[in-house]
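Read the structure below first, then the notes.
The shown structure was predicted, so the numbers you read here are calculated from the model rather than taken from an experiment. Only heavy atoms go into these numbers, but all of them, side chains included; no hydrogens, no water, no symmetry mates.
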Amino acid sequence: IEYKENYAIVQLDNGKVNAIDTKLSKELAATFRALEANNDVKGVILTGRPHGFSAGLDVMSMAGGVKTATEFWTHHLDMLQVLVRFSKPFVCAITGYAPAGGTILACCADYRIMGIGEKHVIGMHEFKMSLPIPELLSRIYAYTIGERLAWKMVMNAQLFTAEQAQKIGLVDEVTTVEAVLPLAERQLKKYMKVYLPMFAKTKRYLRRDLLEAVDMT
C-alpha cells in the first residue's frame, strides 16, 4: 500500500500471476475496510504489476477439499462485498491480463483503465472449463456490462483485449501499460474533487441493485 497526500494505491503482490487465494482475499478485505475508516484517505487505486493484474482465482483454494474451499469462498465473497460497498472513489488500474476472478475485482471499481498488450485479456471464460460462476460474481459482471450481454459473453467464454473491452463498457479507458497508473491517479483526483459525503450517497443510490445483491449474499 502506497499512501499519497490524500489517497492510497493498493498493489496486488501474490506470486507470479497474482492468483486470488484465501490469504489475498482476507488481506484485500482488511485493507479496504481500513481505508474506508481512514478519514485521511479520500480515494483508492487498485493495481497489479506491469503486464499482469491478476490471472484469477487460485485453483488450489477451490479444489483442496470441502474445508479449504469453504474457507476460500467465505473470505472471497466477504472481500467482494467490501469492495462493492466501498463508498469512496475507487479506480482500478488494470496493468495486464485480468481474466475471470481478475475481471470481477476490476468490476468492483467505479472506473477502470486497462493497459494494451498482446496477452492482456479480460472477461469471464469459465464455461470453457465447464465451471459455474457463483451468483455474486455473476451479478457484479452483469451490473457492469448488462445482463443480456454478460450472459451472451459467458456462454461464449469470451475474453476481450483492452480495446474490445472498452467498446462494450467493461473498461472505461485504454492506454499503454506505462500510462495506466498515471491516468488512474488523474481520474481519481477528478472524482475526489466531489464532496465525499455527496459522492458516497449518490454512489449508493446508483448502485442500489448491486448493493442489494451483495446484501443477499
Side-chain angles (χ1 to χ4, degrees), residues 1-21 23-36 38 40-58 76 79-124 137 140-141 144 159-166 169-192 199 203:
I1 306 169
E2 180 183 2
Y3 290 95
K4 299 284 187 150
E5 181 181 355
N6 57 356
Y7 62 95
I9 299 174
V10 178
Q11 183 177 25
L12 301 175
D13 183 17
N14 189 39
K16 185 177 179 180
V17 297
N18 280 337
I20 304 168
D21 56 15
K23 184 173 184 289
L24 179 61
S25 296
K26 290 169 68 175
E27 290 185 358
L28 268 179
T31 296
F32 271 77
R33 281 192 173 101
L35 293 172
E36 179 77 57
N38 188 339
D40 294 328
V41 173
K42 309 301 181 186
V44 173
I45 294 171
L46 178 65
T47 188
R49 58 172 63 96
H51 304 290
F53 178 69
S54 172
L57 305 187
D58 177 57
H76 186 65
M79 178 267 291
L80 291 177
Q81 290 172 330
V82 173
L83 265 59
V84 169
R85 290 188 179 117
F86 192 72
S87 69
K88 301 174 183 179
F90 174 18
V91 174
C92 190
I94 308 166
T95 46
Y97 50 77
T103 297
I104 299 303
L105 273 186
C107 286
C108 293
D110 303 310
Y111 194 87
R112 292 168 293 282
I113 302 173
M114 186 170 180
I116 298 169
E118 182 180 354
K119 297 181 180 180
H120 298 179
V121 291
I122 188 170
M124 305 300 287
L137 282 69
I140 292 172
Y141 193 53
T144 304
L159 294 176
F160 305 93
T161 64
E163 295 96 330
Q164 291 170 336
Q166 185 183 30
L170 188 51
V171 302
D172 300 290
E173 194 172 349
V174 300
T175 185
T176 63
V177 172
E178 295 76 18
V180 169
L181 190 54
L183 287 179
E185 292 183 84
R186 183 192 69 183
Q187 191 68 31
L188 185 69
K189 290 175 182 177
K190 176 182 177 182
Y191 293 150
M192 285 164 49
F199 184 97
K203 180 176 179 177

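- Of all heavy-atom pairs between Phe53 and Ala98, the closest is CD2-CB, 3.7 Å.
- Counting all heavy atoms, side chain and backbone alike, Gly123 lies closest to Phe160 at CA-CD1, 4.4 Å.
- Residues Val177 and Pro50 share a closest heavy-atom pair of CG1-CA, 4.2 Å.
- Here NZ of Lys189 is found 8.0 Å from CE of Met192. Values are rounded to the nearest 0.5 Å.
- The OG1 atom of Thr161 sits 15.5 Å away from the NZ atom of Lys119 when rounded to the nearest 0.5 Å.
- Residues Ile122 and Met114 meet the side-chain proximity criterion, which asks for heavy atoms closer than 4.5 Å.
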Problem - side-chain contact (heavy atoms from CB on, under 4.5 Å) between Leu105 and Leu83, intermediate numbers included - result: CA-CA 8 Å; Leu105 273 186; Leu83 265 59; 3.7 Å; yes
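- Residues Ala162 and Gly115 approach most closely at CB-O, 3.9 Å, considering heavy atoms.
- A heavy-atom distance below 4.5 Å is found between the side chains of Leu28 and Leu46.
- Nearest heavy atoms, Ile20 versus Ser54: CG1-OG, 3.5 Å.
- One finds the CG atom of Leu137 at 4.5 Å from the CD1 atom of Ile104 (value rounded to the nearest 0.5 Å).
- Considering only heavy atoms from C-beta on, Leu24 stays 4.5 Å or farther from Asp58 through its side chain.
- Taking the six-membered ring where tryptophan is involved, the planes of Phe32 and Phe86 are perpendicular, since the angle between them exceeds 60° and thus also 30°.
- If you run side-chain contact (heavy atoms from CB on, under 4.5 Å) between Arg112 and each of Val91, Val174, Ile94, Thr103, only Ile94 comes through.
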Handout entry: Chi angles and distances behind the side-chain contact (heavy atoms from CB on, under 4.5 Å) call for His120, Ile116
Key = CA-CA 7 Å; His120 298 179; Ile116 298 169; 5.8 Å; no
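- The distance from the CG atom of Leu57 to the NE2 atom of His76 is 4.5 Å, given to the nearest 0.5 Å.
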Problem - Check against side-chain contact (heavy atoms from CB on, under 4.5 Å), Tyr97 and Asn18 - result: CA-CA 10 Å; Tyr97 50 77; Asn18 280 337; over 6 Å; no
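- Separating the OG1 atom in Thr176 from the CG atom in Leu183 is a distance of 7.5 Å, to the nearest 0.5 Å.
- To the nearest 0.5 Å, atom OG of residue Ser25 and atom CG of residue Leu80 are 7.5 Å apart.
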Handout entry: Intermediate values then yes/no, side-chain contact (heavy atoms from CB on, under 4.5 Å), Glu173 and Tyr111
Key = CA-CA 8 Å; Glu173 194 172 349; Tyr111 194 87; 2.9 Å; yes
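- The pair Glu185-Lys4 meets the salt-bridge criterion, since a charged nitrogen lies less than 4.0 angstrom from a carboxylate oxygen.
- Tyr7 is not listed as a side-chain neighbour of Pro89, based on a closest heavy-atom distance of 4.5 Å or more.
- Annotation: side chain of Gln166 is not in contact with side chain of Glu163 (no heavy-atom distance under 4.5 Å).
- Judged by distance alone, with hydrogens and angles left aside, the side-chain atoms of Arg49 form a donor-acceptor pair with the main-chain N or O of Lys16 at under 3.5 Å.
- When side chains are defined from C-beta on, Leu181 does not count as touching Thr95, because their heavy atoms never get closer than 4.5 Å.
- With sequence neighbours left out, Asp110 forms a salt bridge (Lys or Arg N to Asp or Glu O under 4.0 Å) with Lys203.
- When every heavy atom of Ala93 is checked against every heavy atom of Val180, the shortest pair comes out as CB-CG1, 3.4 Å.
- Counting heavy atoms from C-beta outward, Lys42 and Leu188 have side chains that stay 4.5 Å or more apart.
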